[in-house]
Amino acid sequence: MTLPASLRKAVQDYTRERAFHSAVVEHWLGLDEADARALYELATSLRLGQNQLRDLWEWAEEIAVRNGTSIAGVLNRPEILQARSAATSRNTRLVAVKRVLRRWRFPALSAAEARAKELVRCAGLPPTVRVTLPPCLEGDQISITCSGRSQAELVASLEAALQWARSAAGKEVFAILEGVP
Amino acid sequence: MTSYRPDKIWIERGSERSRIAENVRRAYQDVPVQSYDPPLKLEHFGFAGGKRQLVLMRHRGSFLHHCPAGTPGLVCCNYLVVNLGANCPFDCSYCFLQEYLAHSPGLRLFTNVEEALAEVDDVLRRHPNRRFRIGTGELIDSLALDALTEHTRSLVPFFAERPNAVLELKTKSAAVEGLLAFAPVENVVVAWSLNASSVIRDEEPGTASLDERLAAAERVQRAGFRVAFHFDPLIALPQWEEEYAAVFRRLVESVSPSRVAWVSLGHLRLSPGLKRAMKERSRGWTLLTGELVAGPDGKHRAWRGLRLTMYRTLLEWLRRWDPAIPRYICMEPAGVWEKTFGEVPTDQEVAARLVGAPK
């Protein structure tokens, strides 16, 4: 199946300008029209480089296979269209698109991460206390950073952190890391 | 199980009179045979096509290696592998050989098996107080082609005389006839890779079905050999608990736990290169679309919480079956061992539980 000449040229121009690898271009041009166009619109709206596009493309393709749809079917969903066209900076839009795709790509992991973050957020910890979870929950270590501009502020930070660590919420976050439902 | 049949047989000059070459010619009388002088270039056949190019050749270099699963940061079982061939008649969708042998296709059977045994013998003699666990199933199924290779005919008597090593023959086949010609040997263990029936059907084409594997295990155990099982790769299927429970029920019905040498569990792990190879071959999409995340070793696995849940569940079934069966998890970091077993053994301790401690 060949792409319409205008789309083909547009993809070639875009990828030439950004020095994409020929194998990536070839793969792109080999897609069906709807998928190739959806990727082109995503790439141009977020001014994606090769690696950025490949990451999103890979996720979109894997979501599409799992859900029995197409790359276009994934990338043209309202959440993606909204995220990529929001009236904000390109970086913020890119982060938003990635966040939506990641949530679809890793639904159970994303739900576990969201629950863990919620358990931290609901504690209402002061801004001087920062709880860090392992990336992708791939680890068993939670870090808490406490800071203070005075002895009193530092003590308050530490006490808040300790209280959270001892709470049911703190216990539940560790349970999430251990895969305990 | 589907029988292996090559499109062409390549025999390196000098190997024509080897036992393997004679067996191969007898088994495939209508398959073209060509002698060659190395190097033999088979890249144009690709990975799958290369499997049907049967190459009989001398292996140059070392046969015995440490299992590559022994990666820094992961708890390891100190397994050694002796490679008597490279590539496999099966073509499992997740097989690491798709990446590892991508540039050297062809199903290679080594004709200088006696040199491999001499190398193993040398190591075992130099360390008489150590206990070794050695497998032949890393780069090729240990038994699937035994009718051609007659490896069991060489290996079983060899290991019978060397009590400081345990040989593991690891297979997804039911090809146990050659082995059953021998009286049982305590330090020869036959191990089957087990998986959910849907995984065997969809991802392990040509291999023996679950029932065939377990029937073979039952025969081998009844003949007096010890058996072992590897739930590897575990796949986080949507209905994983039901599917693996069904496997476990069949296992319990088929073999006695008292003669099970060990059971291992290991989650699917895909390197970036293997993922790429699978996608290029359009294989294993169900596996590729699972919730796999990159670990510290760069390999993608199911996310940790899910792995832990699955390990705990299967280990509990195993404990209820027989708590005395030695068990381990493969290619996991210390933290996963700790949460699964409540301890982090050293590599030596893991090995000792499987084959005994050094004297």
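Model, not experiment: these values are computed from the prediction.
Shown here is Arg130(A), whose CZ atom has no more than 12 heavy atoms of other residues, nucleotides or ligands within 6.0 Å. Shown here is Gln163(A), whose CD atom has no more than 12 heavy atoms of other residues, nucleotides or ligands within 6.0 Å. In this structure, His103(B) places its NE2 atom where only 12 or fewer heavy-atom neighbours from other residues, nucleotides or ligands lie under 6.0 Å away. Within 6.0 Å of CD in Glu26(A) there are 12 or fewer heavy atoms belonging to other residues, nucleotides or ligands. For Glu343(B), the CD atom counts as densely surrounded, since its 6.0 Å shell holds more than 12 non-hydrogen atoms of other residues, nucleotides or ligands. Other residues, nucleotides and ligands contribute over 12 non-hydrogen atoms within 6.0 Å of the CD atom of Glu43(B).
Between Trp303(B) and Cys136(A), the shortest heavy-atom distance links the atoms CB-O, 4.3 Å. Of all heavy-atom pairs spanning Leu177(A) and Leu308(B), the tightest one is O-CD1, 3.7 Å.
For Tyr100(B), the side chain to side chain contact (heavy atoms under 4.5 Å, CB included) partners are Phe96(B), Leu97(B), Leu139(B), not counting sequence neighbours.
Neither the backbone nor the side chain of Arg301(B) comes within contact range of chain A; no heavy atoms are under 4.5 Å apart. Of the two parts of Pro135(A), neither the backbone nor the side chain holds a non-hydrogen atom closer than 4.5 Å to a non-hydrogen atom of chain B.
The candidate with the highest count of non-hydrogen atom pairs below 4.5 Å against chain B, out of Glu138(A), Glu61(A), Gln141(A), is Glu138(A).
Note that CZ of Arg304(B) and CG of Asp140(A) are 4.5 Å apart. Values are rounded to the nearest 0.5 Å. Between Arg105(A) atom CZ and Leu292(B) atom CG the span is 6.5 Å, to the nearest 0.5 Å.
Scanning residues 269-280 of chain B against chain A with a 4.5 Å non-hydrogen threshold yields Lys275(B), Lys279(B), sorted by number.
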Would Val180(A) and Arg312(B) count as a side chain to side chain contact (heavy atoms under 4.5 Å, CB included) if you check the C-alpha gap in whole Å, the side-chain angles of each, and the deciding distance to 0.1 Å? CA-CA 10 Å; Val180(A) 177; Arg312(B) 276 194 296 258; 3.6 Å; yes
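Glu291(B) places a side-chain N or O within 3.5 Å of a backbone atom of Ala108(A) that can act as its donor or acceptor partner. No donor-acceptor pair closer than 3.5 Å links the side chain of Glu62(A) to the backbone N or O of Thr289(B).
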